[in-house]
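Okay, so here's the structure we're looking at.
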Amino acid sequence: MIEESTLFGGENPSTIDGKGRTCIPARFRDALVSRSADERFIITKAAPVDLGDGTFGRGLSVYPLPEWREIKKKILANEGGFTSVQLNSIKRQVINPAEECIADKLGRVLVPSSLRAHAGLERDIWFVGMGQRFDIWSKETYSRVNAQDEKNFPLESEALAALGI
């Protein structure tokens, strides 16, 4: 069971400078450290979000190192039962671009240039808690992802009601 204090939650607007540095929100840094004594974490491409118009929202996902090791192990063992084409795509899109990072004493991290370009991170960004990880989105992309999420929201769902929502 995962402790509530180690889950990433909330939305935090921020900025990224021209060199690709950004400051991870304090509560996310605290959750990263509480997940393990190791302060390293992984930044990689997030799963693309179908925006419903033939385009995809691209962002980044940040995982505590222990969490990442488990995910990578599951992918490599093909625990999802993917076809070889799907599995190779997941490896190329998620495992291969993954970069190990560490924040400095002020909580700043240098987001690798290839990942910044992938996600279109230029100035205004959002840190978004997603439970076991948090995502980083450009302001524009996150706005479009939110709009699509509203369209995809399971209105009048018994499963949703069972969750108390």
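In this text the structure is predicted, and so the values were computed from the model without any measurement.
- Of the possible donor and acceptor atoms, one in the side chain of Q86 sits under 3.5 Å from a partner among the backbone N and O of T83.
- Enclosure of atom NZ in K91 by more than 12 non-hydrogen atoms of other residues, nucleotides or ligands within 6.0 angstrom is indicated.
- Formation of a donor-acceptor pair under 3.5 Å by the R116 side chain with backbone atoms of L121 is not found in this model.
- Pairs engaging residues 88-126 under the ring pair (Phe, Tyr, Trp, His ring centres under 6.0 Å) rule: W126-Y142 [sequence neighbours left out].
- Between V145 and E140 the shortest side-chain heavy-atom distance does not fall below 4.5 Å.
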Under the side chain to side chain contact (heavy atoms under 4.5 Å, CB included) rule, what do L115 and E99 come out as? Steps first, then yes or no, please.
-> CA-CA 9 Å; L115 292 173; E99 295 274 347; 4.1 Å; yes

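- The existence of a salt bridge linking R21 and D104 is excluded, since no basic side-chain nitrogen approaches an acidic carboxylate oxygen closer than 4.0 Å.
- Taking the side chain as every heavy atom from C-beta outward, C101 and F41 approach each other to under 4.5 Å.
- Criterion: ILVMFWY side-chain heavy atoms under 4.5 Å apart, direct or through other members. Under it, L76 and F82 are part of a common hydrophobic cluster.
- Looking at heavy atoms from C-beta onward, W137 lies in side-chain contact with V128 at the 4.5 angstrom threshold.
- Taking a cutoff of 4.0 Å between a charged side-chain nitrogen and a carboxylate oxygen, R133 and D135 qualify as a salt bridge.
- Ring orientation note: the planes of F8 and F28 are nearly perpendicular, at an angle over 60° on the 30°/60° scale.
- Within 6.0 Å of the CD atom in Q148, the count of heavy atoms belonging to other residues, nucleotides or ligands exceeds 12.
- Counting heavy-atom neighbours within 6.0 Å of E158 CD, excluding the residue itself, gives a total of 12 or less.
- Inter-residue side-chain proximity for D53 and R144 is flagged as met; some heavy-atom pair is nearer than 4.5 Å.
- Among the candidates V94, N96, V62, the single residue satisfying the side chain to side chain contact (heavy atoms under 4.5 Å, CB included) test with T44 is V94.
- Side-chain contact check for R123 versus D17: every heavy-atom pair is 4.5 Å or farther apart.
- The shortest heavy-atom contact between L106 and C23 is O-SG, 3.4 Å.
- No chain of hydrophobic side-chain contacts below 4.5 Å, direct or via other Ile, Leu, Val, Met, Phe, Trp or Tyr residues, connects L110 to L32.
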